[in-house]
Trainee: 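Before anything else, here's the structure in question.
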Amino acid sequence: MKKLSFFIFLLLFLFSGISVSAQDEDLLKLVGEEKPTKEITKYAFKSPRVINSHSMEFLNPGTMDFRILHRFGPLDQGYKSLFGLDQASMRMGFDFGILQNLMVGVGRSTYKKELDAFIKFAPIRQSKGPWSSPVTLALVSGMTMNGLDWADPSRKNFFTSKLGYYFQAIIGRKFSEALTLQVSPTMVHNNLVPLQSDPNNIYAIGVGGRIKLSQRIAFTWDYSHVVVGMPDSGYYHPLSVGFDIETGGHVFQLHFSNATGMNERAFITETTGQWGKAEVRFGFNLSRVFQIKKKKHSKHADK
Amino acid sequence: MKNKFLIITVAVLISSSSFGQKYFTKTGKINFDATTASSPEKIEGINRTATCVVDTKTGNMQFALLMKGFEFERALMEEHFNENYVESHKFPKAEFKGAISNNEAVNYSKDGAYIIKVKGKLTMHGETKDVETDGKLVIQNGKITATADFNVLLADFKVSIPGLVADKVAKTAKISVTCSLEPLKG
């Protein structure tokens, strides 16, 4: 009898031991792990533009990016014109995020009083999880319209002569939080070119990237190499280097560039500055993102 | 004598199985609010995919959620929340592991509302801190609705707020929890 009662006490003791240890058990394991879902890799760049070129990043749907771009005069003008700050060229732009992978934008530059518009769409976005892709593929199609008066009003002028087009594919990858790289083959078509010997179609390859230095500051560069159709003299490949600085609602992109143009047609085909000769300009892009369509959101909505 | 022990043993076994019921949800709502009087806009996010499990026998309670699951009215705020504040790429999950300290006061088999005290450890942004709060359990038709409100000091979790916006983001965030729990089978 005593043996039995001891045995039962032992049993009870063990049992209580089990229930004590059960307090530390991982209850969350009981409901199982979440199935991995496809997740788009976001925030490859702070902004949908590297500096001049389109980046692999998109605006969030329902937002508008108001962009003010300034390019000052060349540094080699020296102190007399405060290293180029006395003159400025600007572009004002409005970009809209429509879907996660679709955006459109319009802008107007003081250079040639040019209007431009584009549509940018990504059939493939870099993602994690099932059916993921290691890179983003984005396609951009844009159009420009020269706003200057006809150089020779006496001859027969066609409206289409004012137009130019560009088509671009962007292949980019955010390798890590710190590093993003992209390559962008581009074709620019000018309906009218100044000389008969100038080509209408110009092909270029862009290389851009970002190195994040801190949570809010990143080093960026953006280079386009004109492969086919570079005029024999006077024109150069555009290279821009700078910093993205994020302050709350704004992104400031401060940079140096040999290009003045602020749309693809202008900076790829009409860059006349030379880095080697200090014909480099200081410039900045100011980007302010507004939420124009609010997401559905209410506290404990379906309580 | 023999019978007595047998009865006790059986009673212990029965009671442990009948009170061993666990409840859970995968759609718990956690609301985050760091708005201050001087904030230009509401700084508020909601996560509707929190997992919560409660063991009614022991009173143990655990929560887990993905930081990326917080939705904000403004996309830019969501971006800043993930990229600059909670760094969800480095610390994707937040967890709470604790217990209802007055669990014996709750009769889970009877409909009613109970005020509970919850104590445990909250892990977020790589930091773990003790958290204690009052909450409420409403038991109705075999389901439990759990609600609680508490504050966390962001500095405790090493979430730094830059000087430029220091007066626009609250130093303590108000966390509101709403979970409808169902019995966990198996």
Side-chain angles (χ1 to χ4, degrees), chain A residues 1-2 4-9 11-12 15-16 18-20 22-34 37 39 41-43 46 59-63 65 97 100 174 176-177 212 214-216 246-251 288-291 293-303, chain B residues 1-2 5-6 8-9 12-13 16 20 22 24-26 29 31 33 40 44-46 48-49 51-55 57-64 66 68 71-80 82-85 87 89-90 95 97 99 145 147 160 162 164-165 168 176 178 180 184 186:
Chain A
M1 194 65 217
K2 251 191 177 167
L4 184 69
S5 64
F6 176 72
F7 176 70
I8 290 171
F9 269 119
L11 205 76
L12 283 174
F15 199 83
S16 62
I18 289 166
S19 62
V20 165
Q23 285 196 347
D24 301 326
E25 75 172 318
D26 196 344
L27 292 170
L28 294 167
K29 285 228 173 80
L30 298 172
V31 291
E33 283 289 304
E34 285 297 308
T37 50
E39 187 192 324
T41 305
K42 282 166 109 179
Y43 318 133
K46 286 276 178 217
L59 283 176
N60 283 298
T63 61
D65 186 10
Q100 284 289 353
K174 183 183 182 182
S176 68
E177 283 306 313
K212 223 172 153 186
S214 77
Q215 276 174 355
R216 293 176 177 82
E246 188 186 6
T247 61
H250 297 89
V251 178
R288 173 89 170 104
V289 173
F290 296 91
Q291 188 85 34
K293 196 178 156 214
K294 285 199 174 162
K295 284 192 190 175
K296 273 184 199 154
H297 171 107
S298 65
K299 195 181 170 184
H300 306 314
D302 31 9
K303 195 170 173 176
Chain B
M1 198 57 180
K2 210 175 179 178
F5 277 116
L6 204 68
I8 291 169
T9 318
V12 166
L13 286 173
S16 65
K22 295 180 178 71
F24 86 109
T25 182
K26 286 188 174 184
K29 286 188 271 296
N31 199 84
D33 189 348
E44 194 182 30
I46 188 162
R48 296 167 206 271
T49 53
T51 300
C52 170
V53 182
V54 177
D55 184 338
K57 187 178 83 181
T58 58
N60 284 352
M61 188 176 238
Q62 295 184 359
F63 285 88
L66 288 173
K68 277 187 185 153
E71 292 168 34
F72 291 76
E73 252 181 31
R74 287 167 182 270
L76 195 65
M77 203 182 280
E78 196 170 307
E79 177 175 335
H80 291 159
N82 286 305
E83 283 266 274
N84 301 342
Y85 291 93
E87 301 175 277
H89 50 279
K90 275 195 227 161
E95 266 185 0
K97 290 191 173 179
T145 307
T147 50
S160 57
L164 205 65
V165 293
K168 298 185 182 75
S176 313
T178 312
S180 300
L184 177 68

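No hydrogens, no waters, no symmetry mates; every other heavy atom, side chains included, goes into these values. Throughout, a chain's letter reflects where its sequence line sits, starting with A, and its residues are numbered from 1. The shown structure was predicted, so the numbers you read here are calculated from the model rather than taken from an experiment.
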Trainee: Is chain A contacted by the side chain of B:Lys97, its backbone, both, or neither, given a heavy-atom distance below 4.5 Å?
Mentor: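 When you check distances to chain A, only side chain atoms of B:Lys97 fall under 4.5 Å.
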
Trainee: Of the non-hydrogen atoms in A:Leu28 and B:Ala64, which two are nearest, and what is the gap between them?
Mentor: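 Where A:Leu28 meets B:Ala64 most closely, the heavy atoms are CD1-CB, 3.6 Å.
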
Trainee: I want to check something: taking the side chain as every heavy atom from C-beta on, are A:Glu39 and B:Lys68 in contact at a cut-off of under 4.5 Å?
Mentor: yes

Trainee: Less than 4.5 Å apart, side chain to side chain, heavy atoms only: is that true for A:Leu27 and B:Asn60?
Mentor: yes

Trainee: Distance from B:Leu76 atom CG to A:His250 atom NE2, nearest 0.5 Å?
Mentor: 10.5 Å

Trainee: Does any part of the side chain of B:Pro162, heavy atoms only, come nearer than 4.5 Å to the side chain of A:Arg216, both counted from C-beta?
Mentor: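 In short, these two side chains touch, coming nearer than 4.5 Å.
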
Trainee: For residues A:Val31 and B:Phe24, report the shortest heavy-atom separation together with the two atoms involved.
Mentor: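 Shortest heavy-atom contact: CG1-CD1, 3.3 Å.
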
Trainee: Check whether any side-chain heavy atom of B:Glu79 lies under 4.5 Å from a side-chain heavy atom of A:Val289, and answer yes or no.
Mentor: no

Trainee: Contact part of B:Glu87 toward chain A, heavy-atom cut-off under 4.5 Å: side chain, backbone, both or neither?
Mentor: side chain

Trainee: Taking the side chain as everything from C-beta on, heavy atoms only, tell me whether A:Glu246 gets closer than 4.5 Å to B:Asn84.
Mentor: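 Of all side-chain heavy-atom pairs linking B:Asn84 with A:Glu246, at least one is under 4.5 Å.
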
Trainee: Under a 4.5 Å heavy-atom cut-off, does chain A meet the side chain of B:Met61, its backbone, both or neither?
Mentor: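 B:Met61 touches chain A through backbone heavy atoms alone.
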
Trainee: Between A:Lys46 and B:Glu83, is there a side-chain N and carboxylate O pair less than 4.0 Å apart?
Mentor: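 Yes, A:Lys46 and B:Glu83 are salt-bridged.
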
